[in-house]
Engineer: 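Can you read through this structure? Questions will come right after.
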Amino acid sequence: MLSGQARSRRARRDALTTRVIGQFSQFYRSLQDLFPGMLVAGLIAIAAQFIAEHYGAPAMLMALLFGIALHFLAEEGKAKAGIAFSSRTILRLGVALLGARISFEMAAALGWNSVLLVIAAVVLTIVLGTALGRLFGIGPKLGFLSAGSVAICGASAALAISAILPKDERSEERLIFTVVGVTVLSTVAMIVYPVLATSIGFDTSQAGLFLGATIHDVAQVVGAGFSISEEVGDISTLVKLIRVALLAPVILVASLVIRTMVTESETGGKRPPILPGFVMSFIALVALNSFGLIPAPIVAVVTDLSRWALLTAIAAVGLKTSLKDVLDVGGPAIGLIVTQTLLIGGLVLMGLMVLGIGAG
């Protein structure tokens, strides 16, 4: 016969086993619920990447359009839960992993005068761009969302900023419009801006700084820079990553402002966090990479994982969105995002030409 102590240990062991089995069963059921929707979003991401690699179309835009075309899958059925999960949780994972691409060394390599110009252009574009929303009859949520996306890093910034804004029935509509808008304008800039930089007579450093500080999406910055020369491509990419690094402080300040302005009814009875977990992870990865604690092969893997996560997330956002809702945004919103794009371009040109700031 077992002693009382042995029976007690056995009872604890059995209880622990039962709890572990129960948690595993719950995880398995959750995975079953999420898998169909995640699979759909992932397949769309793969298709969008294939089109981008073989035909030169922007991958983010392709994922978005493919998703919108299959919107009916998100309305009901087995895919709904997984699509919602992809549009939120996978999105935040992708933004967090962006931090592995950034390091403090980038600022030193670029030159502090150029870094200050980039910071000033980003801050002024967000502040003035959001304020411009009133002139166009646009609410502050769309004004800030589009201004932040134009100022920082296009679709990736739109996804990150949207994650901290209070949700309402038009949240997905605003996000889709902004992603489409910055992607289209970024593609136009990729074609026009190299010609403009060359016609103005910018040297290699100035051209790289101009392209990296004004074009919205990373892929289009790379395309524009290397269309001039390899040196311009390297500088423009570096400048662009400095803008990406500004995502964390912008999200922090925005979160603090939102906490003071929103009501409990807008946030489900609780205040948004001062700094969302995915932004804290972004900052942690920046710090680790800056001190050389992330090996280069790991950085490459994490960078690819971030890109695929964001592509999957934007596919899921497209799946959740009705094309009719996007078209309902209207002309004023289009005018606003075009004006914001011209604003950051004008600010950077002024810094380069009037103030005589170069790439250090």
Engineer: Any non-hydrogen side-chain atom of Ser199 less than 4.5 Å from a side-chain atom of Leu196?
Structural biologist: yes
Engineer: So, does Arg243 use its side chain to make a donor-acceptor pair with the main chain of Val118 at under 3.5 Å?
Structural biologist: no
Engineer: Only pairs at least two apart or in different chains count here, so list each side chain to side chain donor-acceptor pair (under 3.5 Å) that has a residue in residues 125-134.
Structural biologist: none
Engineer: Are Phe282 and Val301 co-members of a hydrophobic cluster defined by side-chain heavy atoms under 4.5 Å apart?
Structural biologist: no
Engineer: Under the 3.5 angstrom rule, does the side chain of Ser162 hit a backbone N or O of Leu159 as a donor-acceptor pair?
Structural biologist: no
Engineer: With a 4.5 Å heavy-atom cut-off, do Phe72 and Leu70 have their side chains touching?
Structural biologist: yes
Engineer: Which atom pair, heavy atoms only, marks the closest approach of Phe177 to Ile334?
Structural biologist: CZ-N, 3.6 Å
Engineer: Test side-chain contact (heavy atoms from CB on, under 4.5 Å) on Ile176 and Ile68 and set out the steps.
Structural biologist: CA-CA 9 Å; Ile176 289 292; Ile68 292 175; 4.1 Å; yes
Engineer: Are Ile44 and Met38 linked, directly or through intermediate hydrophobic residues, by side-chain heavy-atom contacts shorter than 4.5 Å (ILVMFWY only)?
Structural biologist: no
Engineer: List the atom of Lys141, the atom of Pro166, and the distance in Å for their closest heavy-atom pair.
Structural biologist: NZ-O, 3.4 Å
Engineer: Taking all atoms of both residues into account, what is the closest heavy-atom pair of Asp217 and Cys153, and its distance?
Structural biologist: OD1-O, 3.5 Å
Engineer: Is a side-chain donor or acceptor of Ser186 paired with a backbone partner of Thr183 at a separation under 3.5 angstrom?
Structural biologist: no
Engineer: Under 6.0 Å from the CZ atom of Phe35, do we count more than 12 heavy atoms belonging to anything else shown?
Structural biologist: no
Engineer: Find out if a path of hydrophobic residues (ILVMFWY) with successive side-chain heavy-atom gaps under 4.5 Å connects Val179 to Leu93.
Structural biologist: no
Engineer: Between Glu231 and Thr204, is the side chain to side chain donor-acceptor pair (under 3.5 Å) condition met? List the steps.
Structural biologist: CA-CA 7 Å; Glu231 293 78 10; Thr204 297; 5.8 Å; no
Engineer: Hey, quick one: are Leu117 and Ile200 part of the same hydrophobic cluster, counting side-chain heavy atoms closer than 4.5 Å, chains of contacts allowed?
Structural biologist: yes
Engineer: Check step by step if side-chain contact (heavy atoms from CB on, under 4.5 Å) holds for Ile90 and Trp308.
Structural biologist: CA-CA 10 Å; Ile90 294 181; Trp308 279 106; over 6 Å; no
Engineer: Return each pair, listed once, that meets side chain to side chain donor-acceptor pair (under 3.5 Å) where at least one residue sits in residues 50-67; pairs must be two or more places apart or across chains.
Structural biologist: Gln49-Glu53
Engineer: Can Ile119 be reached from Leu211 by stepping across I, L, V, M, F, W or Y side chains whose heavy atoms are under 4.5 Å apart?
Structural biologist: yes
Engineer: How about Thr339 and Leu343: do any of their side-chain heavy atoms sit closer than 4.5 Å?
Structural biologist: no
Engineer: Do Tyr193 and Val188 have side-chain heavy atoms sitting under 4.5 Å apart?
Structural biologist: no
Engineer: Using modelled atom types only, decide if a donor and an acceptor are shared between the side chain of Ser86 and the backbone of Ala313 within a distance under 3.5 Å.
Structural biologist: no
Engineer: Please give me the minimum heavy-atom distance between Ile228 and Thr198, naming the atom from each residue.
Structural biologist: CD1-OG1, 4.3 Å
Engineer: Do you know which two heavy atoms are closest between Ile215 and Lys240, and how far apart they sit?
Structural biologist: O-NZ, 3.2 Å
Engineer: Of all the heavy-atom pairs spanning Thr237 and Val221, show the shortest one and how long it is.
Structural biologist: N-CG1, 4.1 Å
Engineer: Please say which of Leu132, Leu336, Leu145 ends up in a side-chain contact (heavy atoms from CB on, under 4.5 Å) with Ile138.
Structural biologist: Leu336
